[in-house]
Amino acid sequence: MAPALKVFGPARSTNVARVLVCLEEVGAEYELVDIDFAAREQKSPDHLKRNPFGQIPAFQDGDLLLFESRAIGKYILRKYKTSDADLLREGDLAEAAMVDVWTEVEAHQYNPALSPVVYECVIYPAIHGTPTNQRVVDESLEKLRKVLEVYEARLSESAYLAGDFASFADLNHFPYTFYFMATPHAPLFDEYPHVKAWWERLMARPAIKKLAARMALLN
């Protein structure tokens, strides 16, 4: 019998990977359904029923259809929560609030600073064959340094962003940071030892190691 859960989009997509890492963390069975971008399958009527913006990922659990990777991730972590996989910490109001805070920080501070470097150094050259816009990279790195200063201070107080426990907030950082580490600018993390140690702890998690092995770099 095919798994009830379906994720639409390639594993190497950052937003798809954000969903997959949650599924791997809870050990849920799922089917990954590829989307043919060359054929513009993401804009097809069938896919628009799953994601009305014609983007990826889309997610199906029986009759339930979801889109937006962070929302899908929360759904998965709520549905499959166990004592060993409690990554939203919703049983503790203060801990859950900190997970929410750092999830917002990733979305509104970290990702906007780091992702342009990934696009310019990895994604655009691979997909479009365009050269890296160094001005964009330099401006983004300047913003990223300021963000990492805040992270360094936070991670000097706790092993993970929301506290001394891994959470959804940490997992959200995986996809783009994974690709950032393949750019010439990866040594930036060496300047922030607590951030570097946090990243190494994340990369040592079995679920992340498994997914990282699948996320072959775009070439």
Side-chain angles (χ1 to χ4, degrees), residues 7 9-25 32 56-57 69-70 73 87 102-156 158-162 165-219:
V7 181
R12 65 183 182 176
S13 159
T14 51
N15 289 330
V16 173
R18 181 179 286 113
V19 172
L20 298 185
V21 74
C22 293
L23 288 164
E24 294 291 349
E25 283 282 346
L32 186 62
I56 55 170
S69 60
R70 293 174 181 83
L87 293 158
W102 287 96
T103 296
E104 292 292 315
V105 170
E106 182 275 330
H108 300 295
Q109 303 293 335
Y110 183 91
N111 194 57
L114 180 140
S115 63
V117 180
V118 173
Y119 278 103
E120 290 294 338
C121 294
V122 178
I123 297 175
Y124 291 156
I127 294 179
H128 304 299
T130 55
T132 297
N133 185 326
Q134 195 58 45
R135 179 184 61 79
V136 172
V137 170
D138 291 344
E139 290 175 354
S140 297
L141 290 173
E142 183 178 352
K143 295 175 183 177
L144 181 58
R145 285 189 172 90
K146 294 177 181 178
V147 173
L148 290 179
E149 288 174 4
V150 176
Y151 275 57
E152 181 70 7
R154 172 60 181 169
L155 292 165
S156 69
S158 58
Y160 296 95
L161 291 169
F165 52 87
S167 75
F168 180 60
D170 303 292
L171 297 185
N172 275 305
H173 291 73
F174 162 66
Y176 274 104
T177 310
F178 177 76
Y179 285 132
F180 180 86
M181 290 303 182
T183 76
H185 308 288
L188 176 63
F189 273 52
D190 295 335
E191 299 175 20
Y192 305 91
H194 290 96
V195 175
K196 183 70 176 293
W198 161 77
W199 174 246
E200 291 173 348
R201 283 191 291 274
L202 286 181
M203 287 299 296
R205 295 179 70 81
I208 288 183
K209 289 172 70 174
K210 179 179 178 180
L211 187 54
R214 297 174 61 185
M215 290 172 63
L217 290 179
L218 300 169
N219 52 44

* Asked: Closest approach of Ala17 and Leu211, non-hydrogen atoms and distance?
  -> O-CD2, 3.5 Å
* Walk me through it: do Lys196 and Glu191 pass the test salt bridge (charged side-chain N to carboxylate O under 4.0 Å, His left out)? => CA-CA 8 Å; Lys196 183 70 176 293; Glu191 299 175 20; over 6 Å; no
* Asked: Are any side-chain N or O atoms of Ser69 and backbone N or O atoms of Val16, one a donor and one an acceptor, separated by less than 3.5 Å?
  -> no
* Does Arg201 use its side chain to pair, donor to acceptor, with the backbone of Ala159 at less than 3.5 Å? -> yes
* Asked: Parallel, tilted or perpendicular: which fits the ring planes of Tyr124 and Tyr119, with parallel below 30° and perpendicular above 60°?
  -> tilted
* To do: Determine whether Pro116 and Val137 make a side-chain contact, defined as any pair of heavy atoms from C-beta on separated by less than 4.5 Å.
  => no
* **Sub-4.5 Å side-chain heavy-atom contact between Lys143 and Gln109** => no
* To do: Might you point out which heavy atoms bring Ala166 and Leu87 nearest each other, and give the distance in Å?
  => O-CD2, 3.4 Å
* Could you walk me through whether Leu114 and Leu141 pass the side-chain contact (heavy atoms from CB on, under 4.5 Å) test, one step at a time? => CA-CA 7 Å; Leu114 180 140; Leu141 290 173; over 6 Å; no
* How many angstroms lie between atom CE of Met215 and atom CD1 of Ile208, to the nearest 0.5 angstrom? -> 10.0 Å
* Any Ser167 side-chain heavy atom under 4.5 Å of Tyr160 side chain -> no
* Is the shortest heavy-atom distance from the side chain of Glu24 to the side chain of Arg214 under 4.5 Å? -> yes
* Under 4.5 Å between any side-chain heavy atoms of Ile56 and Pro10, yes or no? -> yes
* Separation between NZ of Lys146 and CG of Leu144, rounded to the nearest 0.5 Å -> 11.5 Å
* Residue pair Met181 / Ala186: nearest heavy atoms and the distance that separates them -> O-CB, 3.5 Å
* Asked: How many angstroms lie between atom OG of Ser140 and atom CZ of Phe180, to the nearest 0.5 angstrom?
  -> 9.5 Å
* Asked: Counting N and O atoms only, with roles assigned by atom type, does the side chain of Ser13 sit under 3.5 Å from a partner on the main chain of Gly9, one being a donor and the other an acceptor?
  -> no
* Can any side-chain N or O of Thr183 pair as donor or acceptor with the backbone N or O of His185 at less than 3.5 Å? -> yes
* Asked: Atom CD in Glu200, atom CG in Leu202: separation rounded to 0.5 Å?
  -> 10.5 Å
* For Gln134, does the CD atom sit with more than 12 other heavy atoms under 6.0 Å from it, leaving out its own atoms? -> yes
* **Leu161: which of Thr103, Val105, Leu155 passes side chain to side chain contact (heavy atoms under 4.5 Å, CB included)** => Leu155
* Before accepting this row, confirm whether a basic side-chain N of the pair Glu139/Arg135 lies closer than 4.0 Å to the acidic partner's carboxylate O. => yes
* Does any donor atom in the side chain of Asn172 or Trp102 lie under 3.5 Å from an acceptor atom in the other side chain? -> no
* **Stepwise side-chain contact (heavy atoms from CB on, under 4.5 Å) test for Val117 and Tyr176** => CA-CA 10 Å; Val117 180; Tyr176 274 104; over 6 Å; no
* Think Arg18 forms a cation-pi with Phe174, using NZ or CZ under 6.0 Å from the six-ring centre and within 45 degrees of its axis? -> no
* **Test item: Tyr179 side-chain N/O and Arg12 main-chain N/O as donor-acceptor pair under 3.5 Å** => yes
* To do: From the options Phe189, Phe178, Tyr151, Trp199, select the one residue that forms a ring-ring contact (aromatic ring centres under 6.0 Å, His included) with His173.
  => Tyr151
* Main-chain N/O of His194 paired with Glu152 side-chain donor or acceptor, under 3.5 Å -> yes
